[in-house]
Amino acid sequence: MKNLSGGVNQQTVGKLYCSAEFIGKVHGEFIFLSVINLFLSITAFLGNTLILVALHKDTSIHPPSKLLYRNLAKTDLCVGVIGERYFLGVTLCSVSLITLTAISVERLLALLLGLRYREVVTLKRTRLIATGGWIVSIVGASISFLNLFIVSLYQYIATAFCLVTQSVPTQKFLCLCVITKFMVRTMLFKDNRAKQIH
């Protein structure tokens, strides 16, 4: 075995990493992380199962919205049950992020389109978007078998794209809320003013 500092320090890599002190620290951290992971897995399983049952029983939600909610709940359920295996973890987390982006855009379309919403956002189009999200995620995770640098680049670009895409509908929604609040206050002020005059 090679010395770490070229002879100055006589402690070798083997002695450093096989010492009882180091193994005890790693074992303690492993147990701590396992307990946290078990708690989060149980929470994810129960929470997402309840969401799936509620979506199954509810008939008032628009079918495309329900499809996206189910897709998100199923991927999160799988992450909770299967865990963070590299290929599956990258795929499922990527699908979750893409589904969250699709939900955000779909909710914005519901606000902006009004009555045309049901014409534009159909179950067929939503299925295509959900399927496309799965395909993009599987291809992105499969690249990791070829080159880890490319998959890291893919993850950074995809995450940035999804976050920017999610932020635009959120900002528009907040602007609509502020405008609506201002309009309601203006109408109430006018009504109160008219009552005071009469």
Side-chain angles (χ1 to χ4, degrees), residues 37 39-177:
N37 201 9
F39 172 73
L40 293 175
S41 294
I42 291 170
T43 305
F45 176 77
L46 292 176
N48 287 300
T49 302
L50 287 173
I51 290 171
L52 288 171
V53 169
L55 286 172
H56 180 71
K57 290 184 177 185
D58 191 349
T59 58
S60 64
I61 299 177
H62 189 52
S65 299
K66 191 183 274 193
L67 175 74
L68 291 173
Y69 297 147
R70 279 185 178 155
N71 193 31
L72 182 62
K74 287 177 183 175
T75 55
D76 289 347
L77 179 72
C78 289
V79 168
V81 172
I82 296 171
E84 295 88 18
R85 308 289 186 269
Y86 185 73
F87 177 77
L88 290 174
V90 170
T91 302
L92 293 171
C93 290
S94 182
V95 170
S96 290
L97 189 60
I98 291 170
T99 304
L100 279 172
T101 304
I103 290 170
S104 181
V105 171
E106 185 257 345
R107 293 289 82 206
L108 177 68
L109 291 175
L111 281 173
L112 296 178
L113 296 177
L115 296 174
R116 289 191 46 226
Y117 165 73
R118 291 188 183 264
E119 293 175 18
V120 175
V121 181
T122 62
L123 192 57
K124 183 178 180 181
R125 289 179 181 160
T126 308
R127 279 189 185 129
L128 283 173
I129 289 172
T131 304
W134 275 97
I135 291 170
V136 166
S137 299
I138 290 171
V139 168
S142 298
I143 293 172
S144 66
F145 294 120
L146 302 175
N147 189 337
L148 286 177
F149 174 75
I150 294 173
V151 78
S152 296
L153 188 65
Y154 158 77
Q155 289 172 345
Y156 290 131
I157 291 172
T159 302
F161 174 76
C162 287
L163 291 176
V164 168
T165 305
Q166 287 177 21
S167 68
V168 171
T170 303
Q171 290 173 355
K172 288 209 180 245
F173 176 74
L174 290 175
C175 288
L176 284 171
C177 288

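Keep in mind that this is a model prediction, so the values were computed, not measured.
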Crowding at NZ, Lys66 (>12 non-hydrogen neighbours, <6.0 Å): yes
Close side-chain approach of Arg107 to Ser65, heavy-atom, < 4.5 Å: yes
Inter-residue atom distance Cys78.SG - Lys74.NZ, 0.5 Å rounding: 9.5 Å
Approximate separation, where rounding is to 0.5 Å, of Leu46 CG and Leu77 CG: 9.5 Å
Spatial distance of atom NZ (Lys172) from atom CG (Leu111) [nearest 0.5 Å]: 11.0 Å
Between NE2 on residue His62 and CG on residue Leu68, distance to nearest 0.5 Å: 10.0 Å
Min side-chain heavy-atom separation Asn71-Trp134 under 4.5 Å: yes
Closest heavy-atom pair and its distance - Leu97, Thr159: CD2-CA, 3.8 Å
4.5 Å side-chain heavy-atom contact, Glu106 and Thr126: no
Under 3.5 Å: donor-acceptor pair, side chain of Ser96, backbone of Leu72: no
Closest contact, heavy atoms only, Thr91 versus Ser137: O-CB, 3.6 Å
Given Thr165, Ile129, Val121, the one that forms side chain to side chain contact (heavy atoms under 4.5 Å, CB included) with Val105: Thr165
CG on Asp76 to OG1 on Thr49, rounded to 0.5 Å: 11.5 Å
Non-hydrogen side-chain atoms of Pro63 and Leu67 separated by less than 4.5 Å: no
Leu123 vs Arg127 side-chain heavy atoms within contact, under 4.5 Å: yes
Heavy-atom side-chain contact between Phe45 and Val79 under 4.5 Å: no
Glu119 side chain reached by Leu113 side chain, heavy atoms, under 4.5 Å: no
Validation row: Gln166, Ile103 side chains within 4.5 angstrom (heavy atoms): no
Side-chain donor/acceptor of Ser104 to backbone N/O of Leu100, under 3.5 Å: no
Point-to-point distance, once rounded to the nearest 0.5 Å, from SG of Cys93 to CD1 of Ile98: 11.5 Å
Any donor-acceptor N/O pair, Asn48 side chain to Ala44 backbone, under 3.5 Å: yes
